[in-house]
Colleague: 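Input: one structure, supplied below.
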Amino acid sequence: MRESVKVLLSEQEVDQRIAEIAKQISDDYAGKEVHLICVLKGAVFFMCELAKRITVPVTMDFMSVSSYGDGTKSSGVVKIVKDLDQPLDGKNVLIVEDIIDSGRTLSYLIDILDKRNPASLRLCTLLDKPERRIAQVMVDYTCFNIPDEFVVGYGLDYAQRYRNLPFIGVVNFSE
């Protein structure tokens with residue numbers, strides 16, 4: 001099976017929207033520090049670009065939670081691959097995710113992190129597919145709502161490929 005990638009959101013569109021969300025986050029956290037938690041691997045590109053544009057003090061940590069494997073649909077089984085390095089007690093935590101699909105992974109992650117006593121816990125995503133939601137999650141900051149298509153680029157992958165594309169693209173499969 002061969003695949004091709006068609007541009008859904010250009011690099012310029014993504015860049016502009018990240019700047020807008022960063023301003024909103026900076027305004028919302030004015031006078032405070034925000035602790036970003038990057039959900040690896042997909043959100044690393046997004047979090048780096050977002051963090052560069054946030055004007056309040058930022059700290060970061062990384063967590064790897066998976067429910068996909070090498071497929072194009074969520075397996076429904078969530079596992080922690082890498083946990084946080086720092087405690088969350090009293091921190092204003094912002095989970096940074098690349099895409100929210102079924103919501104299972106984020107629902108599970110939010111439950112775990114909320115038990116670690118952060119001062120606040122919010123969620124920011126580059127992409128959201130609200131029509132695919134199975135588990136309800138409150139998304140505080142969304143860059144783009146997208147259709148139910150398999151997307152790559154800007155950190156998102158298909159079998160570990162295409163993460164380095166500077167845009168969001170839709171994968172088309174053919175024989």
Colleague: Hey, what's the ring geometry for F150 with F173, parallel, tilted or perpendicular (30° and 60° as the breaks)?
Modeller: tilted
Colleague: Has the side chain of S107 got a donor or acceptor atom that lies under 3.5 Å from a matching backbone atom of G103?
Modeller: no
Colleague: Would you say the side chain of V152 lies within less than 4.5 Å of the side chain of D157, judging by non-hydrogen atoms?
Modeller: no
Colleague: Determine, for K82 against D85, whether the closest basic-nitrogen to carboxylate-oxygen distance falls under 4.0 angstrom.
Modeller: yes
Colleague: Atom CG in L109, atom CZ in R104: separation rounded to 0.5 Å?
Modeller: 15.5 Å
Colleague: Side-chain contact, heavy-atom cut-off 4.5 Å: V5 with L165?
Modeller: yes
Colleague: Give, for atom CG of D15 and atom CZ of F167, the distance between the pair rounded to the nearest 0.5 Å.
Modeller: 14.0 Å
Colleague: Test V151 against L8 for side chain to side chain contact (heavy atoms under 4.5 Å, CB included), laying out the working first.
Modeller: CA-CA 8 Å; V151 291; L8 176 66; 3.9 Å; yes
Colleague: Dump the intermediate steps for salt bridge (Lys or Arg N to Asp or Glu O under 4.0 Å) on K23 and D27, then the final yes or no.
Modeller: CA-CA 6 Å; K23 181 179 180 344; D27 291 347; 3.0 Å; yes
Colleague: In terms of hydrophobic clusters joined by side-chain contacts under 4.5 Å, are I100 and I80 together?
Modeller: yes
Colleague: Is the closest side-chain heavy-atom distance between C124 and I25 below 4.5 Å?
Modeller: yes
Colleague: Between R163 and D98, is there a side-chain N and carboxylate O pair less than 4.0 Å apart?
Modeller: no
Colleague: Check this for me, if you would: do R17 and E13 make a salt bridge, where the nitrogen-to-carboxylate-oxygen distance has to be below 4.0 angstrom?
Modeller: no
Colleague: Between atom CE of M60 and atom CG of L84, what is the distance when rounded to the nearest 0.5 Å?
Modeller: 14.0 Å
Colleague: Between V7 and V171, is there a shared hydrophobic cluster once you connect ILVMFWY residues whose side-chain heavy atoms come closer than 4.5 Å?
Modeller: yes
Colleague: Using only heavy-atom distances, determine whether the side chains of R133 and Q136 contain a donor-acceptor pair under 3.5 Å.
Modeller: no
Colleague: Within the 4.5 Å heavy-atom criterion, are N172 and V170 side-chain neighbours or not?
Modeller: yes
Colleague: Taking side-chain hydrogen bond (donor to acceptor under 3.5 Å, both in side chains) as the cut-off, I'd like each qualifying pair that reaches into residues 33-44, sequence neighbours left out, listed once.
Modeller: H35-T59
Colleague: Do the side chains of D61 and K91 get close enough for a salt bridge, i.e. N-O under 4.0 angstrom?
Modeller: no
Colleague: Which donor-acceptor pairs under 3.5 Å do the side chains of residues 139-147 make with protein atoms, sequence neighbours left out?
Modeller:
unit_1	atom_1	unit_2	atom_2	d
D140	OD2	L123	N	2.8
Y141	OH	D28	OD2	2.6
Y141	OH	R122	NH1	2.9

Colleague: Do Q12 and Q16 have a side chain donor and acceptor closer than 3.5 Å?
Modeller: no
Colleague: Side chains of L126 and V14: does their closest heavy-atom pair fall under 4.5 Å?
Modeller: yes
Colleague: Between atom CG of L36 and atom CG of L50, what is the distance when rounded to the nearest 0.5 Å?
Modeller: 6.5 Å
